[in-house]
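In what follows, a structure is listed as structure tokens, so that the remarks can point back to it.
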Number of protein chains: 2
Amino acid sequence: MAQKSGESLLYLTDEQLRKGIEAMFFAYRGFTADPDRILEEHGYGRAHHRAIHFIHRAPGTTVNNLLAILGVTKQSLNRVLRALVEDGLVEARVGQRDKRERHLYLTEAGEALEQKLSDAQRERMRAAYRAAGPAAVAGFRQVLEAMMDPEMRRHFNRLTER
Amino acid sequence: MAQKSGESLLYLTDEQLRKGIEAMFFAYRGFTADPDRILEEHGYGRAHHRAIHFIHRAPGTTVNNLLAILGVTKQSLNRVLRALVEDGLVEARVGQRDKRERHLYLTEAGEALEQKLSDAQRERMRAAYRAAGPAAVAGFRQVLEAMMDPEMRRHFNRLTER
DNA sequence: GATCTTATGTCAGCCTTGTTGACTTTCCAA
DNA sequence: TTGGAAAGTCAACAAGGCTGACATAAGATC
């Protein structure tokens, strides 16, 4: 009640929050729909997409780092990586300084698929951004960032600062 | 280039779109983290949460309607519903007019769990909303809505209009 | 040099949650 | 009365999570 005068607090009602929750649910479905279709053609799933995305984003990343970003077990990731390496989309190079580490890179074929997937996903994103306008997009990003767990926010911010 | 003068189009660059994609990924993890923990204690998964959420939101909904909202097969939903009915969280009443239909309701125990789950999820949502402010929240909602498939947007809007 | 720790990989087995296909029961509506 | 829609059920399968146990290589430490 202290600052009820300045800005209305109606946007914090349970009803508004519930709407936000449902919006996240339905929007996430749209968010993954296009890549899902492409992945199916190639016999892959979302797990492969995530690996491909972050290897593209941070080339030379180690398995352990990828594990931390994705938040899955090494057994789970390994199954996915093995398939991608066998299919020639990902290359795992032994580390220079530390030979225990594997540094991950997309091959040409891997980059090609990444392009196809992210083109589709960016296309929808671009349409949504354009429809909503720059101010809305700034708000969108603010809320999403505030919604993350601190550790995930750390990963999120590290991805672009380098 | 036509309207480059008025508002900058820099928010539509591939880099910005990619950041938005990653924000969605990390934020969705936070979005589901709290309910996931609670569900685990009860031996349920996200599929149960979704069913409980939408039955609470639209009491008396039919199985077919729920199917359309959730976008899964009836076999998949049925498995989840059966567990919830057996555990006494959901009641499936035979339709009055059309006795083939089952109308779904949460029992008292079901409502209790729904409360617990949505309290946790709203809590995070509220914190994010508060941190970002009302203008950001409006933008957040605009972008999410623009990101949905048209059919999902229909469901989304129908949920509050009644 | 021996030992501890870390990074990675792998095997086996389990669970949830999605899928398809086939079939039955119920029952509204033409 | 009969066709078809709504719902339920059974079986089988796959993706992608998980745990636990174990192997190997190599950096780090004593």
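Just so we're on the same page: letters track the sequence lines, and every chain starts at 1. The figures that follow rest on heavy atoms only: side chains count, while hydrogens, waters and symmetry mates do not. As the structure is a computational prediction, the values presented were derived from the model and not from experiment.
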Contacts of Glu40(B) meeting side-chain hydrogen bond (donor to acceptor under 3.5 Å, both in side chains) (sequence neighbours excluded), chain-then-number -> none

Check: Heavy atoms under 4.0 Å, any strand shown: does His103(A) hit a base, just sugar-phosphate, or nothing?
Finding: nothing

Next item on the list: Would you tell me if any nitrogen or oxygen in the side chain of Asn78(B) comes within less than 4.0 Å of OP1 or OP2 on dT9(D)?
Entry: yes

- Message: Using a strict threshold of under 4.0 Å (side-chain N to carboxylate O), is an ion pair present between Arg57(A) and Glu15(B)?
- Response: yes

The ring-ring contact (aromatic ring centres under 6.0 Å, His included) partners of Tyr28(B) (sequence neighbours excluded) come to Tyr28(A), Phe31(B)

Per nearest nucleotide of DNA chain D, the residue lying toward the 5' end, Val63(B) or Gly45(A), is Val63(B)

So the contacted stretch of DNA chain C, first to last nucleotide with an atom under 4.0 Å from a non-hydrogen atom of chain A, runs from dT6(C) to dC11(C)

Counting primed atoms, P, OP1 and OP2 as sugar-phosphate and everything else as base, the B/S/- map of nucleotides 17-27 of chain D against protein heavy atoms under 4.0 Å is BBBBB---BBS

In whole angstroms, the gap separating C1' of dT9(D) from CZ of Arg102(B) amounts to 13 Å

Residue pairs meeting ring-ring contact (aromatic ring centres under 6.0 Å, His included), one or both in residues 54-97 of chain B, sequence neighbours left out, come to Phe25(A)-Phe54(B), Phe26(A)-Phe54(B)

Sorted by chain and residue number, the side chain to side chain contact (heavy atoms under 4.5 Å, CB included) partners of Arg153(B) (sequence neighbours excluded) come out as Glu145(B), Met148(B), Asn157(B)

Residues at least two apart in sequence or cross-chain that pass side chain to side chain contact (heavy atoms under 4.5 Å, CB included) with Glu151(A), listed by chain then number, are Arg154(A), His155(A)

Within residues 22-37 of chain B, the residues having a heavy atom closer than 4.0 Å to DNA chain C are none

Contacts of Asn64(B) meeting side-chain hydrogen bond (donor to acceptor under 3.5 Å, both in side chains) (sequence neighbours excluded), chain-then-number -> none

His48(B) meets the side-chain hydrogen bond (donor to acceptor under 3.5 Å, both in side chains) criterion, sequence neighbours left out, with none

Applying side chain to side chain contact (heavy atoms under 4.5 Å, CB included) to Ala109(B) and not counting sequence neighbours gives Leu89(B), Thr107(B)

- Query: Taking 4.0 angstrom as the limit, do Asp36(B) and Arg29(B) come out as a salt bridge?
  - Reply: no

From CZ of Arg82(A) across to P of dG16(D) the rounded distance in Å is 14 Å

dA7(D) phosphate, OP1 or OP2: any side-chain N/O from Asn64(B) under 4.0 angstrom?
yes

Those residues at least two apart in sequence (or on a different chain) that pass side chain to side chain contact (heavy atoms under 4.5 Å, CB included) with Arg93(A) are Glu91(A), Tyr105(A)

